[in-house]
Enquirer: 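Structure below; questions to follow.
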Amino acid sequence: MNLDFTFESGQIFQWRKADGWWLGIVGTHATMLRTEDGSLLVRSNPEASEERIKEFMCLNVRYDDLAGGRSVDEFTSSLLQDYRGLRILKQDPWSCLMSYIVSASLSIRAIDRVLGSIASSCRELNVDGLSLRELPGPSDFLNVRRPRKRYLGRKWSYLRQAARDIDDGTLDFDEIRSLPYDVAWSSLVIAKESHVMGVGPKVADCLLLFSLDKPEAFPMDRWIMRGLQRHYGWLVPERIATKLRNEGEALTVREYEAVSQNVRSHFGKLGGLVQECLFLHMRTARPGRPSA
DNA sequence: GCCCAGGTGCGGC
DNA sequence: GCCGCACATGGG
(Lines give C-alpha, C1' and ligand atoms only; values in the text may rest on other atoms or scores of the structure.)
Protein backbone atom coordinates (compact mmCIF):
# COMPACT_ATOMS: atom_id res chain seq x y z
CA MET A 1 0.00 0.00 0.00
CA ASN A 2 1.40 3.37 -1.04
CA LEU A 3 -0.54 6.24 0.47
CA ASP A 4 1.35 8.95 -1.42
CA PHE A 5 0.40 7.44 -4.78
CA THR A 6 -3.12 6.83 -3.53
CA PHE A 7 -3.83 10.35 -2.30
CA GLU A 8 -1.78 12.17 -4.92
CA SER A 9 -3.47 10.37 -7.79
CA GLY A 10 -6.24 12.97 -7.76
CA GLN A 11 -9.03 10.47 -7.10
CA ILE A 12 -10.07 12.19 -3.87
CA PHE A 13 -10.04 15.80 -2.70
CA GLN A 14 -9.77 17.50 0.67
CA TRP A 15 -6.97 15.27 1.98
CA ARG A 16 -3.61 16.70 3.00
CA LYS A 17 -0.32 15.45 4.31
CA ALA A 18 0.99 16.68 7.66
CA ASP A 19 3.97 15.29 9.57
CA GLY A 20 4.02 12.11 7.55
CA TRP A 21 0.31 11.42 8.08
CA TRP A 22 -2.44 11.68 5.47
CA LEU A 23 -5.32 13.60 6.96
CA GLY A 24 -8.97 13.66 5.88
CA ILE A 25 -12.48 12.59 6.68
CA VAL A 26 -13.83 9.05 6.46
CA GLY A 27 -17.58 9.08 6.99
CA THR A 28 -17.86 11.20 10.13
CA HIS A 29 -14.40 10.39 11.42
CA ALA A 30 -11.50 12.82 11.21
CA THR A 31 -8.80 10.37 10.21
CA MET A 32 -5.03 10.17 9.98
CA LEU A 33 -3.33 7.44 8.01
CA ARG A 34 0.27 6.35 7.53
CA THR A 35 2.12 3.19 6.75
CA GLU A 36 4.97 1.76 8.77
CA ASP A 37 6.81 -1.47 8.16
CA GLY A 38 4.14 -2.61 5.77
CA SER A 39 1.18 -2.03 8.07
CA LEU A 40 -1.42 0.70 8.06
CA LEU A 41 -1.57 2.97 11.10
CA VAL A 42 -4.81 4.80 11.87
CA ARG A 43 -5.75 7.58 14.25
CA SER A 44 -9.29 8.84 14.15
CA ASN A 45 -11.83 10.85 16.10
CA PRO A 46 -14.36 9.65 16.95
CA GLU A 47 -12.57 6.36 16.72
CA ALA A 48 -13.45 4.51 13.53
CA SER A 49 -13.88 0.77 13.47
CA GLU A 50 -11.34 -1.33 11.65
CA GLU A 51 -14.15 -2.38 9.31
CA ARG A 52 -14.87 1.22 8.38
CA ILE A 53 -11.26 1.89 7.45
CA LYS A 54 -11.00 -1.36 5.53
CA GLU A 55 -14.09 -0.41 3.58
CA PHE A 56 -12.67 3.03 2.73
CA MET A 57 -9.35 1.54 1.62
CA CYS A 58 -11.14 -1.32 -0.18
CA LEU A 59 -8.87 -3.82 1.51
CA ASN A 60 -11.17 -6.65 0.47
CA VAL A 61 -10.39 -5.94 -3.19
CA ARG A 62 -7.37 -7.83 -4.46
CA TYR A 63 -5.98 -6.41 -7.67
CA ASP A 64 -4.63 -9.79 -8.71
CA ASP A 65 -8.22 -10.99 -8.77
CA LEU A 66 -9.36 -8.06 -10.90
CA ALA A 67 -6.70 -8.98 -13.43
CA GLY A 68 -8.31 -12.41 -13.63
CA GLY A 69 -4.93 -14.08 -13.94
CA ARG A 70 -4.13 -12.66 -17.35
CA SER A 71 -1.49 -10.05 -18.07
CA VAL A 72 -2.75 -7.09 -20.05
CA ASP A 73 0.17 -5.77 -22.10
CA GLU A 74 3.77 -4.80 -21.53
CA PHE A 75 3.31 -1.07 -20.98
CA THR A 76 0.49 -1.68 -18.52
CA SER A 77 2.57 -4.16 -16.54
CA SER A 78 5.36 -1.65 -16.09
CA LEU A 79 2.86 1.11 -15.30
CA LEU A 80 1.24 -0.97 -12.55
CA GLN A 81 4.70 -1.88 -11.32
CA ASP A 82 5.78 1.77 -11.15
CA TYR A 83 2.74 2.75 -9.12
CA ARG A 84 2.46 -0.40 -7.08
CA GLY A 85 0.55 0.30 -3.91
CA LEU A 86 -1.83 2.84 -5.42
CA ARG A 87 -5.32 1.90 -4.30
CA ILE A 88 -8.73 3.00 -5.50
CA LEU A 89 -10.58 4.33 -2.48
CA LYS A 90 -14.29 4.00 -1.82
CA GLN A 91 -15.71 7.49 -1.39
CA ASP A 92 -19.05 8.65 -0.11
CA PRO A 93 -21.20 8.97 -3.28
CA TRP A 94 -22.58 12.44 -2.59
CA SER A 95 -19.17 13.94 -1.76
CA CYS A 96 -17.79 12.27 -4.86
CA LEU A 97 -20.59 13.56 -7.07
CA MET A 98 -20.16 17.05 -5.65
CA SER A 99 -16.40 16.94 -6.23
CA TYR A 100 -16.64 15.89 -9.84
CA ILE A 101 -19.50 18.18 -10.80
CA VAL A 102 -17.27 20.97 -9.51
CA SER A 103 -14.22 19.53 -11.26
CA ALA A 104 -15.26 20.25 -14.85
CA SER A 105 -12.63 22.31 -16.58
CA LEU A 106 -10.87 23.36 -13.38
CA SER A 107 -7.39 22.58 -12.12
CA ILE A 108 -7.07 20.11 -9.25
CA ARG A 109 -5.91 22.92 -7.03
CA ALA A 110 -8.95 25.02 -7.90
CA ILE A 111 -11.27 22.06 -7.24
CA ASP A 112 -9.82 21.62 -3.77
CA ARG A 113 -10.25 25.32 -3.12
CA VAL A 114 -13.89 25.34 -4.19
CA LEU A 115 -14.70 22.29 -2.06
CA GLY A 116 -12.90 23.91 0.85
CA SER A 117 -14.99 27.03 0.50
CA ILE A 118 -18.18 24.96 0.48
CA ALA A 119 -17.00 23.13 3.61
CA SER A 120 -15.88 26.32 5.34
CA SER A 121 -19.25 26.96 6.95
CA CYS A 122 -19.75 23.33 7.99
CA ARG A 123 -18.92 21.29 11.05
CA GLU A 124 -15.32 21.21 12.22
CA LEU A 125 -13.79 17.87 13.14
CA ASN A 126 -10.54 17.39 15.04
CA VAL A 127 -7.99 14.66 15.43
CA ASP A 128 -4.69 14.89 17.23
CA GLY A 129 -4.88 18.68 17.45
CA LEU A 130 -5.51 19.09 13.73
CA SER A 131 -8.79 20.37 12.39
CA LEU A 132 -10.69 19.86 9.19
CA ARG A 133 -14.14 20.59 7.89
CA GLU A 134 -16.81 18.21 6.70
CA LEU A 135 -18.52 18.66 3.37
CA PRO A 136 -22.26 19.18 3.85
CA GLY A 137 -24.57 16.21 3.32
CA PRO A 138 -27.29 16.53 0.67
CA SER A 139 -29.91 18.10 2.97
CA ASP A 140 -27.42 20.37 4.77
CA PHE A 141 -26.10 21.49 1.42
CA LEU A 142 -29.39 23.20 0.66
CA ASN A 143 -28.78 25.51 3.64
CA VAL A 144 -25.14 26.28 2.87
CA ARG A 145 -24.56 29.81 1.68
CA ARG A 146 -23.04 30.11 -1.74
CA PRO A 147 -19.34 30.99 -1.58
CA ARG A 148 -18.62 34.38 -3.11
CA LYS A 149 -16.61 34.40 -6.29
CA ARG A 150 -15.37 30.85 -6.16
CA TYR A 151 -15.38 29.45 -9.67
CA LEU A 152 -18.88 28.07 -9.40
CA GLY A 153 -21.20 29.31 -12.08
CA ARG A 154 -24.06 27.18 -13.21
CA LYS A 155 -22.46 24.38 -11.23
CA TRP A 156 -23.98 25.78 -8.06
CA SER A 157 -27.49 25.11 -9.33
CA TYR A 158 -26.47 21.67 -10.58
CA LEU A 159 -25.28 20.83 -7.07
CA ARG A 160 -28.50 22.11 -5.52
CA GLN A 161 -30.58 20.12 -7.94
CA ALA A 162 -28.61 16.94 -7.26
CA ALA A 163 -28.98 17.50 -3.52
CA ARG A 164 -32.75 17.88 -3.90
CA ASP A 165 -32.96 14.76 -6.06
CA ILE A 166 -31.15 12.75 -3.41
CA ASP A 167 -33.36 14.19 -0.69
CA ASP A 168 -36.58 13.21 -2.41
CA GLY A 169 -35.29 9.88 -3.64
CA THR A 170 -35.24 10.69 -7.35
CA LEU A 171 -31.52 10.00 -7.33
CA ASP A 172 -30.74 6.74 -5.54
CA PHE A 173 -27.07 5.76 -5.42
CA ASP A 174 -27.76 2.24 -4.14
CA GLU A 175 -30.05 1.61 -7.06
CA ILE A 176 -27.37 2.72 -9.53
CA ARG A 177 -24.79 0.67 -7.66
CA SER A 178 -26.86 -2.45 -8.25
CA LEU A 179 -26.90 -1.99 -12.04
CA PRO A 180 -24.29 -3.37 -14.45
CA TYR A 181 -21.72 -0.80 -15.57
CA ASP A 182 -23.14 0.16 -18.94
CA VAL A 183 -26.73 0.45 -17.70
CA ALA A 184 -25.59 2.56 -14.76
CA TRP A 185 -23.50 4.82 -17.04
CA SER A 186 -26.35 5.32 -19.50
CA SER A 187 -28.83 6.11 -16.75
CA LEU A 188 -26.58 8.92 -15.52
CA VAL A 189 -25.57 10.31 -18.90
CA ILE A 190 -28.13 9.41 -21.56
CA ALA A 191 -31.55 8.59 -20.10
CA LYS A 192 -33.66 11.73 -19.93
CA GLU A 193 -35.57 10.76 -16.80
CA SER A 194 -32.52 9.93 -14.69
CA HIS A 195 -29.86 12.24 -16.11
CA VAL A 196 -28.13 14.39 -13.52
CA MET A 197 -27.23 17.93 -14.59
CA GLY A 198 -23.51 18.52 -14.57
CA VAL A 199 -22.81 14.82 -15.06
CA GLY A 200 -21.43 14.00 -18.48
CA PRO A 201 -19.53 10.92 -19.69
CA LYS A 202 -16.40 11.60 -17.67
CA VAL A 203 -17.99 12.64 -14.38
CA ALA A 204 -20.28 9.61 -14.56
CA ASP A 205 -17.24 7.33 -14.84
CA CYS A 206 -15.65 9.02 -11.83
CA LEU A 207 -18.74 8.44 -9.71
CA LEU A 208 -19.04 4.83 -10.84
CA LEU A 209 -15.37 4.09 -10.20
CA PHE A 210 -14.79 5.96 -6.96
CA SER A 211 -18.10 5.34 -5.19
CA LEU A 212 -20.38 2.88 -6.91
CA ASP A 213 -18.25 -0.27 -7.13
CA LYS A 214 -17.52 -0.30 -10.87
CA PRO A 215 -13.81 -1.14 -11.12
CA GLU A 216 -14.00 -1.26 -14.93
CA ALA A 217 -15.04 2.42 -15.16
CA PHE A 218 -12.31 4.40 -16.92
CA PRO A 219 -12.82 8.17 -16.69
CA MET A 220 -11.30 9.91 -19.72
CA ASP A 221 -10.24 13.53 -19.38
CA ARG A 222 -7.66 15.47 -21.39
CA TRP A 223 -4.71 13.87 -19.58
CA ILE A 224 -6.04 10.38 -20.11
CA MET A 225 -6.80 11.00 -23.79
CA ARG A 226 -3.23 12.15 -24.28
CA GLY A 227 -2.01 9.09 -22.42
CA LEU A 228 -4.16 6.75 -24.49
CA GLN A 229 -2.90 8.27 -27.73
CA ARG A 230 0.71 8.07 -26.63
CA HIS A 231 0.73 4.62 -25.07
CA TYR A 232 -2.40 2.83 -26.28
CA GLY A 233 -2.89 4.19 -29.77
CA TRP A 234 -4.67 1.06 -30.99
CA LEU A 235 -7.56 1.72 -28.58
CA VAL A 236 -8.35 5.10 -30.15
CA PRO A 237 -10.15 4.84 -33.52
CA GLU A 238 -8.24 6.65 -36.25
CA ARG A 239 -11.01 9.13 -37.01
CA ILE A 240 -11.06 10.24 -33.37
CA ALA A 241 -7.28 10.42 -33.09
CA THR A 242 -7.15 12.66 -36.14
CA LYS A 243 -9.83 14.89 -34.74
CA LEU A 244 -7.97 15.21 -31.45
CA ARG A 245 -4.77 16.16 -33.23
CA ASN A 246 -6.42 18.79 -35.37
CA GLU A 247 -9.05 20.44 -33.22
CA GLY A 248 -9.05 20.74 -29.44
CA GLU A 249 -9.60 17.89 -27.08
CA ALA A 250 -13.36 17.65 -26.75
CA LEU A 251 -15.11 14.39 -27.59
CA THR A 252 -18.79 13.94 -28.33
CA VAL A 253 -20.68 11.49 -26.15
CA ARG A 254 -20.67 8.96 -29.00
CA GLU A 255 -16.93 9.24 -29.47
CA TYR A 256 -16.35 8.92 -25.74
CA GLU A 257 -18.48 5.77 -25.75
CA ALA A 258 -16.54 4.28 -28.65
CA VAL A 259 -13.16 4.72 -26.96
CA SER A 260 -14.61 3.58 -23.65
CA GLN A 261 -15.79 0.32 -25.26
CA ASN A 262 -12.31 -0.41 -26.57
CA VAL A 263 -10.67 0.47 -23.29
CA ARG A 264 -13.01 -1.70 -21.24
CA SER A 265 -12.66 -4.71 -23.47
CA HIS A 266 -8.89 -4.39 -23.22
CA PHE A 267 -8.45 -3.73 -19.48
CA GLY A 268 -11.60 -5.33 -18.06
CA LYS A 269 -11.99 -4.81 -14.33
CA LEU A 270 -8.43 -3.57 -14.03
CA GLY A 271 -9.42 -0.48 -16.00
CA GLY A 272 -10.04 1.88 -13.11
CA LEU A 273 -6.71 1.11 -11.51
CA VAL A 274 -4.84 1.47 -14.80
CA GLN A 275 -6.60 4.79 -15.36
CA GLU A 276 -5.39 6.21 -12.03
CA CYS A 277 -1.83 5.02 -12.66
CA LEU A 278 -1.89 6.52 -16.15
CA PHE A 279 -3.27 9.80 -14.82
CA LEU A 280 -0.51 10.06 -12.23
CA HIS A 281 2.04 9.04 -14.82
CA MET A 282 0.95 11.65 -17.35
CA ARG A 283 1.01 14.38 -14.77
CA THR A 284 4.30 13.55 -13.10
CA ALA A 285 6.57 11.52 -15.35
CA ARG A 286 8.91 13.26 -17.75
CA PRO A 287 7.54 13.25 -21.29
CA GLY A 288 8.98 10.72 -23.68
CA ARG A 289 9.86 8.15 -21.08
CA PRO A 290 7.85 4.99 -20.74
CA SER A 291 7.87 5.07 -16.96
CA ALA A 292 8.52 7.40 -14.06
C1' DG B 1 -1.70 39.31 -22.72
C1' DC B 2 -2.53 34.49 -23.55
C1' DC B 3 -3.18 29.71 -22.66
C1' DC B 4 -4.45 26.07 -19.90
C1' DA B 5 -6.88 23.69 -16.13
C1' DG B 6 -9.85 15.84 -14.13
C1' DG B 7 -16.05 18.99 -19.03
C1' DT B 8 -20.74 20.01 -19.68
C1' DG B 9 -25.11 22.29 -21.43
C1' DC B 10 -27.07 24.73 -24.95
C1' DG B 11 -28.50 26.69 -29.28
C1' DG B 12 -27.36 26.70 -34.01
C1' DC B 13 -27.03 24.01 -38.34
C1' DG C 1 -25.54 14.07 -34.37
C1' DC C 2 -21.91 17.38 -34.51
C1' DC C 3 -19.94 22.12 -33.81
C1' DG C 4 -18.82 26.30 -31.32
C1' DC C 5 -19.32 28.70 -27.57
C1' DA C 6 -20.09 30.21 -22.61
C1' DC C 7 -18.91 29.20 -18.16
C1' DA C 8 -15.28 31.72 -13.68
C1' DT C 9 -10.75 32.28 -12.01
C1' DG C 10 -5.76 31.76 -11.07
C1' DG C 11 -1.16 30.39 -12.26
C1' DG C 12 2.67 29.83 -15.55
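When reading the values below, keep in mind they use all heavy atoms of this one structure, side chains included, and skip hydrogens, waters and symmetry mates. Quick caveat, the model's predicted, so the values are computed rather than measured. Labels below follow one simple rule: chain letters A, B, ... track the order of the sequence lines, proteins then strands, and each chain is numbered from 1.
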Enquirer: Please confirm whether the shortest side-chain N or O distance from A:T252 to OP1 or OP2 of C:dG1 is below 4.0 Å.
Expert: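 No, because none of the side-chain N or O atoms of A:T252 sits under 4.0 Å from OP1 or OP2 of C:dG1.
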Enquirer: Can you tell me the distance, in whole Å, between the CE atom of A:M282 and the C1' atom of B:dA5?
Expert: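 After rounding, the gap between these two atoms is 15 Å.
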Enquirer: In terms of ring plane angle, is the pair A:F75 and A:Y232 parallel, tilted or perpendicular, where the classes change at 30° and 60°?
Expert: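 Rings of A:F75 and A:Y232: perpendicular, over 60°.
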Enquirer: Please measure how far the C1' atom in B:dG6 lies from the corresponding atom in C:dC3, and state the result in whole Å.
Expert: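 One C1' to the other, the span is 23 Å.
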Enquirer: We want to know whether A:D205 and A:Y256 form a side-chain donor-acceptor pair, criterion being a heavy-atom distance below 3.5 angstrom.
Expert: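 Side-chain D/A pair, A:D205 to A:Y256: present.
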Enquirer: Let me know the distance between CG of A:D205 and P of B:dG6, rounded to the nearest Å.
Expert: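 So the two atoms are 18 Å apart, to the nearest Å.
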Enquirer: What's the closest nucleotide to the side chain of A:R254 if the choices are C:dC2, C:dA8, B:dG6?
Expert: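 Looking only at heavy atoms from C-beta outward on A:R254, the closest nucleotide is C:dC2.
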Enquirer: With a 4.5 Å limit on heavy-atom distance, are the side chains of A:L130 and A:N126 in contact?
Expert: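 Not touching, per the 4.5 Å side-chain cut-off.
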Enquirer: Nearest-Å distance, CZ (A:F13) to C1' (B:dA5)?
Expert: 12 Å
Enquirer: Answer with base, sugar-phosphate or nothing: what part of the nucleic acid does A:I101 contact at a heavy-atom distance below 4.0 Å?
Expert: nothing
Enquirer: In whole angstrom, give me the gap between the C1' atoms of B:dG1 and C:dG11.
Expert: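 Result for the C1' pair: 14 Å, nearest Å.
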Enquirer: With a 4.0 Å cut-off on heavy atoms, is A:S9 in touch with a base, just the backbone sugar-phosphate, or nothing at all?
Expert: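 Contact class for A:S9: base.
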Enquirer: From CZ of A:R109 over to P of B:dG6, roughly how many Å is that when rounded to an integer?
Expert: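 Those two atoms, CZ and P, are 11 Å apart.
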Enquirer: Rounded to whole Å, please give me the gap between CZ in A:R113 and P in B:dG6.
Expert: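 Going from CZ in A:R113 over to P in B:dG6 covers 12 Å.
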Enquirer: Roughly, in whole Å, what's the span from CD1 in A:I12 to P in B:dG6?
Expert: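 Computing the A:I12:CD1 to B:dG6:P distance gives 17 Å.
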Enquirer: Walk me through it: do A:V203 and A:L188 pass the test side-chain contact (heavy atoms from CB on, under 4.5 Å)?
Expert: CA-CA 9 Å; A:V203 171; A:L188 288 166; over 6 Å; no
Enquirer: Going by atom types only, do A:S117 and A:Y151 share a side-chain donor-acceptor pair under 3.5 Å?
Expert: no
Enquirer: Would A:L132 and A:I118 show up in the same hydrophobic cluster when neighbours are defined by side-chain heavy atoms closer than 4.5 Å?
Expert: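 Hydrophobic grouping puts A:L132 apart from A:I118.
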Enquirer: Looking at every strand, decide which applies to A:E255 at a 4.0 Å heavy-atom threshold: base, sugar-phosphate, or nothing.
Expert: nothing
Enquirer: Without decimals, in angstroms, what is the distance between A:K243 NZ and C:dC3 C1'?
Expert: 8 Å
Enquirer: Mark up nucleotides 7-13 of chain B, 5' to 3', with B wherever a protein heavy atom is under 4.0 angstrom from a base atom, S wherever such an atom reaches only the sugar-phosphate, and - elsewhere.
Expert: BSSS---
Enquirer: What is the distance, rounded to the nearest whole Å, between atom CZ of A:R283 and atom P of C:dG11?
Expert: 16 Å
Enquirer: Let's go through A:R264 and A:D182 carefully: what are the C-alpha distance in whole Å and the side-chain angles of both, what is the deciding distance for salt bridge (charged side-chain N to carboxylate O under 4.0 Å, His left out) to 0.1 Å, and is it a yes or a no?
Expert: CA-CA 11 Å; A:R264 278 177 291 116; A:D182 51 342; over 6 Å; no
